[in-house]
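Okay, structure first, notes after.
Since the structure is predicted, the reported quantities are computational estimates derived from the model, not experimental observations. Position 1 is the first residue of the sequence; numbering continues from there.
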Amino acid sequence: MGTRLKVLSVFKALHRTRMAVFKDDGRALTAARLKINEEFRQNKNETSEENIRKMIKMGSDVEVVLRESVIQAEHQGENRLLLRPRESLLLENVPYCDQPRKKKL
């Protein structure tokens with residue numbers, strides 16, 4: 001894949017992730033959109049292949065962090081937050097067991 005296509009792919013992935021992560025939060029959606037666009041606009045005249053590769057890697061890493069680590073929270077009073085984790089972040093709660101379970105026949 002050409003460098004231009006890789007850059008466009010990371011740009012689109014960041015915006016798709018932004019839409020999923022900050023769903024129903026207009027301020028966060030707008031702030032993230034502006035920041036993504038600003039960073040790409042700021043570096044659009046970069047010509048060094050090495051620097052472009054580093055920036056592509058950075059953008060991909062940021063997308064992964066957003067997708068896998070960010071949870072929405074909403075203030076529900078002075079000392080209370082309502083967490084809204086996405087389905088992809090929820091893990092099955094399986095208790096740890098030192099001894100493997102025997103299969104039932």
Spacing of CD belonging to Glu63 relative to CG belonging to Leu14, to within rounding of 0.5 Å: 6.0 Å
Reported CG-to-NZ distance for the pair Leu8 and Lys6, which is rounded to 0.5 angstrom: 13.5 Å
Spacing of NE2 belonging to His15 relative to CZ belonging to Phe40, to within rounding of 0.5 Å: 7.5 Å
Note: Arg86 and Leu66 closest approach over all heavy atoms is NH2-O, 3.5 Å
Would you check if Leu81 and Glu74 make a side-chain contact, meaning some heavy-atom pair closer than 4.5 Å? no
Would you name the heavy atoms of Val10 and Ser60 that are closest together and state the gap between them? CG2-OG, 3.6 Å
Taking all non-hydrogen atoms of both residues, which atom of Asn43 and which atom of Met55 are closest, and how far apart? CG-SD, 3.5 Å
Contact summary for Arg33 and Arg18, nearest pair of heavy atoms: N-CD, 3.4 Å
Counting distance only, does the side-chain N/O of Ser9 pair as donor-acceptor with the main-chain N or O of Leu5 below 3.5 Å? no
Do Glu68 and Val64 have side-chain heavy atoms sitting under 4.5 Å apart? yes
With side-chain contact (heavy atoms from CB on, under 4.5 Å) as the test, would you mind laying out the steps for Val7 and Lys44 before giving the verdict? CA-CA 10 Å; Val7 170; Lys44 79 176 188 179; over 6 Å; no
Find the distance between CG (Asn51) and CD1 (Ile56) and round it off to the nearest 0.5 Å. 11.0 Å
Quick check on the hydrophobic clustering: are Met58 and Val65 connected, directly or via other members, by side-chain heavy-atom contacts under 4.5 Å? no
Specify the closest pair of heavy atoms between Val70 and Phe22, including all atoms of both residues, with the distance to one decimal. CG1-CE2, 4.2 Å
When clusters are formed by joining ILVMFWY residues with side-chain heavy atoms under 4.5 Å apart, either directly or through shared neighbours, do Ile71 and Leu29 land in the same one? no
Looking only at heavy atoms, the pair that brings Leu83 and Ala73 closest together is CD2-CB, 3.6 Å
For Leu82, which of Gln72, His75, Gln76 qualifies under side-chain contact (heavy atoms from CB on, under 4.5 Å)? Gln76
Non-hydrogen side-chain atoms of Thr3 and Glu49 separated by less than 4.5 Å: yes
